[in-house]
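What follows is a single structure, written as structure tokens, with notes after it.
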Number of protein chains: 2
Amino acid sequence: MATQSTEEYLEAIYKLGGEREPLAISVLAERLSVSSPSVSEMARKLAEQGLASYEPYKGVTLTAEGQARALAVIRRHRLWERFLTDTLGFSWDQVHDEACRLEHVTSPLVEERLAEFLETPQTCPHGHPMPTAQGKVTVEAARPLSALEPGQRGVVLWVPEEKVEMLQYLTALGLKPQATVQVEAVAPFQGPLTVRIGEAWHPLGWEVASQIMVRLL
Amino acid sequence: MATQSTEEYLEAIYKLGGEREPLAISVLAERLSVSSPSVSEMARKLAEQGLASYEPYKGVTLTAEGQARALAVIRRHRLWERFLTDTLGFSWDQVHDEACRLEHVTSPLVEERLAEFLETPQTCPHGHPMPTAQGKVTVEAARPLSALEPGQRGVVLWVPEEKVEMLQYLTALGLKPQATVQVEAVAPFQGPLTVRIGEAWHPLGWEVASQIMVRLL
DNA sequence: TTTTTATATTAGGCATACCTATTTTAACGA
DNA sequence: TCGTTAAAATAGGTATGCCTAATATAAAAA
Ligand SMILES: [Mn+2]
Ligand SMILES: [Mn+2]
Ligand SMILES: [Mn+2]
Ligand SMILES: [Mn+2]
């Protein structure tokens, strides 16, 4: 079985795009808060186990098997997040860390029953899509809120899930999945946007807006 | 924080009576399926951390702090068992191993919300008492079914929780917590009992009967 | 009291998953 | 083309939690 650490690497590689193209060691090291020698070493081990291909000085890429494992972990993570918010009443800024531990100790059987109990949710509380039990995931076409022109409207699809303070800020704004948002103005040079959420107008930093993914209406 | 392994040791020491009197290294090694040098080493480490007192060649005993930690782990274990049976529909023979992993990744906050969601259960599915969030546990006076005289009746209080095949057998017999059982006959020399459960008579090996704890009626 | 035996400890290793310090590589600009 | 530089690899080390083999202890039997 893959260790907890292995699963953490697989998940991170997948989320950083290493399921498509070689991912740099330093990027992974930054994300996982470990040194790059640690990542080099693990990259070699993942390759030995057939979960990744690794070319020194090139980067690391998941194999089909590695992708499947990564998606299984991500599915468990998102199912637990739904459980924690929907069933236990946690707020969406509290659930990532808890789910990050639970995801590694969840058997396929518990995963299956949990999904049934939750009525087969299609997204996590942050709007990210739920991989299927068969290891498929459908990612809806999306663009960052910061890419909208003044006057355009969008529906929020998903938001970053690991940034506690940002999630609390987004809660205050009402910027959550399914919310409709209209861009009123965009200041130049990646400056702040003015957005309408429901009946209220809010200034919104470009950095934040670029992390809110929306579907254009 | 205590590691998963540390928690496993604390739990085992507690359950084997090491919260009261020194527990032999070999007994712990047998229970945890590890070598006795591994146990000696961990006993020393637990003592260093103030979780146990350890006298070489004497045995290991939990400190007050060690007991509190053990009971916290046991509480989480039993809460997860209830969740798995009551909410996800698992049978009582499937839940021990799952709970044994979940118990180590459960924050106090999740523990609290889970207990609320389950409506503050007083026992696990096998009838063992639920320690309180404050680290207290009340163990009802009980005797093994094998200690009953012919003609005496009892209510099942708890059964062993880790033995999958035995739990399946007990399910077939209807021997579960709250069930009423009457001893009809006891063969000598720790021989089989004949017991009435509901309307049915069953022969029951002494070894099994000695592990079913009952309250005399 | 001495010997035997069961139990426990010590000694020495191994795998995992980290680390820092050092060396190597590859890419880029002069 | 040749240095410079940033990124990544290697070398060597640590803590945890296991292991087996050898040794020591304590209790029981002779
Ligand atoms: Mn995780
Ligand atoms: Mn999420
Ligand atoms: Mn456990
Ligand atoms: Mn139980």
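Residue numbers begin at 1 in each chain, while the letters A, B, ... track the order of the sequences.
Applying the side chain to side chain donor-acceptor pair (under 3.5 Å) criterion to B:Glu162, with sequence neighbours excluded, gives B:Arg31. In this view, B:Glu7 satisfies the salt bridge (charged side-chain N to carboxylate O under 4.0 Å, His left out) rule with no residue, not counting sequence neighbours. Evaluation of the side chain to side chain donor-acceptor pair (under 3.5 Å) rule for B:Ser91 yields B:Asp93, B:Gln94 as partners, not counting sequence neighbours.
Regarding A:Glu48, its CD atom lies at a distance of 12 Å from the P atom of C:dA15, rounded to whole Å. When the P atom of C:dT9 is taken as reference, atom NZ of B:Lys45 falls 15 Å away, rounded to whole Å. We find that CG of A:Leu28 is positioned 11 Å from P of C:dC18, with the value rounded to whole Å. For A:Leu32 and C:dA17, the CG to P distance is 13 Å, given to the nearest whole Å.
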Would you be so kind as to tabulate the donor-acceptor pairs closer than 3.5 Å made by side chains of residues 13-21 of chain A, with sequence neighbours excluded?
residue : atom : partner  : partner atom : Å
A:Lys15 : NZ   : A:Glu161 : OE2          : 3.2

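Sorted by first then second residue, the ring pair (Phe, Tyr, Trp, His ring centres under 6.0 Å) pairs that include residues 78-103 of chain A, not counting sequence neighbours, are A:His77-A:His96, A:Trp80-A:Phe83, A:Trp80-B:Trp80, A:Phe83-B:Phe83, A:Trp92-A:His126. A salt bridge (Lys or Arg N to Asp or Glu O under 4.0 Å) check over residues 61-72 of chain B, counting only residues at least two apart or in different chains, returns the pairs B:Glu65-B:Arg69. Screening residues 34-47 of chain B for salt bridge (Lys or Arg N to Asp or Glu O under 4.0 Å), with sequence neighbours left out, gives B:Arg44-B:Glu48. Annotation: salt bridge (Lys or Arg N to Asp or Glu O under 4.0 Å) contacts involving residues 51-62 of chain A, sequence neighbours excluded, comprise A:Glu55-A:Lys58. Counting only residues at least two apart or on different chains, the side-chain hydrogen bond (donor to acceptor under 3.5 Å, both in side chains) pairs with a member in residues 131-149 of chain A are A:Glu140-A:Arg215.
Bounding nucleotides for the chain A contact on DNA chain D, 5' to 3', at a heavy-atom distance below 4.0 Å, are D:dA8 to D:dT10.
Each of B:Pro56 and A:Pro56 was matched to the nucleotide of DNA chain C holding its nearest heavy atom; the match closer to the 5' end belongs to B:Pro56.
Here the shortest heavy-atom pairing between B:Ala52 and B:Val60 reads CB-CG2, 3.8 Å.
Within residues 2-13 of chain A, no residue is approached by DNA chain D to less than 4.0 Å at the level of any non-hydrogen atom.
With respect to B:Arg76, the salt bridge (charged side-chain N to carboxylate O under 4.0 Å, His left out) criterion is satisfied by exactly one of B:Glu81, B:Glu103, B:Glu111, B:Glu11: B:Glu111.
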How does protein reach along nucleotides 19-25 of chain C, written 5' to 3' as B (base within reach of a heavy atom under 4.0 Å), S (only sugar-phosphate), or - (no contact)? BBB--BS
